[in-house]
Amino acid sequence: MKCILCEKRKPKRYCPAKRTSICPVCCGEKRGVEINCPLDCQYYVEGQKHHQQKMMQQRIKKDGAKSYVRKAELYKHNPELFAHLEKGFVSIFRADKTLTNKDLVSGLDLAYKTLETEKKGIIFQHLSGNNYADEISNHTLGIISEYKDSPEVGAYRITLDFGIMVVKEFLDEATFYMENDVNPKSYLIHLMRYYPEEEVPAQAESQLIIMP
Ligand SMILES: [Zn+2]
């Protein structure tokens, strides 16, 4: 018996997404990336936690704990805003997996510069000519302005300064991944793991669900 993914190694781990066993190497490399892992897979959940902790420790070692304290403070005030931004980055990445940490950093940097310019009272959108970066920037600015300007967001409404701080947090974190992780897509993968693709249930509509 050989692993169905690499056809080389022994399949030792049961993969719920593939509904068969695969080898630990394929599991480690492909989980959450090429394999659409369900959130109840222990390898997936443990692996995700492990990698994130490793990167976090490295960043704390380098930049101190203040970076995470600051982010946690901002998050506490507006978890919805964070989720909207992250979901957008993830869906742009899902649509084209060639996107890298570097593109994300460029895009966030453009959005950050644009918001800083707005703070000076000038409306001017910085663009790069890199389509990915521009897309990331557009998405970021769209979400920030929605939370800043539209009254429908109610209690979650933000100031321009708050928006700038949140974008800066993402920019700093993504920059850390870009500079310190060998995997050029690691930060995007890290985010993607929080937002697993919604499975379209086959034949779900034809099934009759009887509630007791
Ligand atoms: Zn394998």
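Atoms considered below: every heavy atom in the structure, side chains included; atoms not considered: hydrogens, waters and symmetry mates.
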Nearest heavy atoms of Leu110 and Ser137, plus distance in Å: CB-OG, 3.7 Å
Distance-minimising heavy-atom pair for Ala174 and Leu108: CB-CD1, 4.2 Å
Residue pairs, two or more places apart or on separate chains, that pass ring pair (Phe, Tyr, Trp, His ring centres under 6.0 Å) and touch residues 40-80: Tyr75-Phe82
Heavy-atom check, side chain of Tyr177 versus side chain of Arg59, under 4.5 Å: no
Pairwise side-chain contact, Phe170 with Phe89, heavy-atom cut-off 4.5 Å (strictly under): yes
Salt bridge (Lys or Arg N to Asp or Glu O under 4.0 Å) involving Lys71 - partner list, sequence neighbours excluded: Glu173
Nearest heavy-atom neighbours spanning Pro11 and Cys3: CD-N, 3.7 Å
Residue pairs passing the side-chain hydrogen bond (donor to acceptor under 3.5 Å, both in side chains) test where at least one lies in residues 153-169, sequence neighbours excluded: Arg70-Glu169, Lys119-Asp161, Lys168-Asp172
Leu99 and Leu104, any side-chain heavy atoms less than 4.5 Å apart: no
Smallest separation among heavy atoms of Ile158 and Asn78, with atom names: CG2-ND2, 3.3 Å
Salt bridge (charged side-chain N to carboxylate O under 4.0 Å, His left out): pairs with one or both residues in residues 123-144, sequence neighbours excluded: none
Plane angle bin for Tyr194 and His190 - parallel if under 30°, tilted between 30 and 60°, otherwise perpendicular: perpendicular
Main-chain N/O of Arg94 paired with Lys97 side-chain donor or acceptor, under 3.5 Å: no
Under the salt bridge (Lys or Arg N to Asp or Glu O under 4.0 Å) test, residues paired with Glu34 that sit two or more places apart: none
Where at least one partner belongs to residues 82-92, residue pairs that pass side-chain hydrogen bond (donor to acceptor under 3.5 Å, both in side chains), sequence neighbours excluded: His84-Tyr147, Glu86-Tyr195
Non-hydrogen atoms of Ile35 and Cys26 that approach each other most closely: CD1-O, 4.4 Å
Nearest heavy-atom neighbours spanning Leu171 and Val105: CD1-O, 3.5 Å
Residues in salt bridge (Lys or Arg N to Asp or Glu O under 4.0 Å) contact with Asp181, at least two apart in sequence or another chain: none
Partners passing salt bridge (Lys or Arg N to Asp or Glu O under 4.0 Å) against Asp96 (at least two apart in sequence or in another chain): none
Within-4.5 Å side-chain heavy-atom neighbours: Tyr187 and Met55: no
Pair listing, side-chain hydrogen bond (donor to acceptor under 3.5 Å, both in side chains) test, anchored in residues 4-20, at least two apart: none
Transitive ILVMFWY side-chain link Leu74 to Phe176, under 4.5 Å: yes
Please tabulate, for the side chains in residues 148-155, all donor-acceptor contacts under 3.5 angstrom to protein atoms that are two or more places apart in sequence or on a different chain.
from: Lys148; atom 1: NZ; to: Glu118; atom 2: OE2; distance (Å): 3.0
from: Ser150; atom 1: OG; to: Glu146; atom 2: O; distance (Å): 3.1

Inter- and intrachain pairs under salt bridge (charged side-chain N to carboxylate O under 4.0 Å, His left out), touching residues 21-32, at least two apart: none
Gap separating the CD1 atom of Ile92 from the CG atom of Leu188, nearest 0.5 angstrom: 9.5 Å
side-chain hydrogen bond (donor to acceptor under 3.5 Å, both in side chains) contacts in which one or both residues fall within residues 101-117, not counting sequence neighbours: Thr100-Asp103, Asn101-Ser186, Asp103-Asn130, Asp109-Lys113, Tyr112-Glu116, Thr117-His126
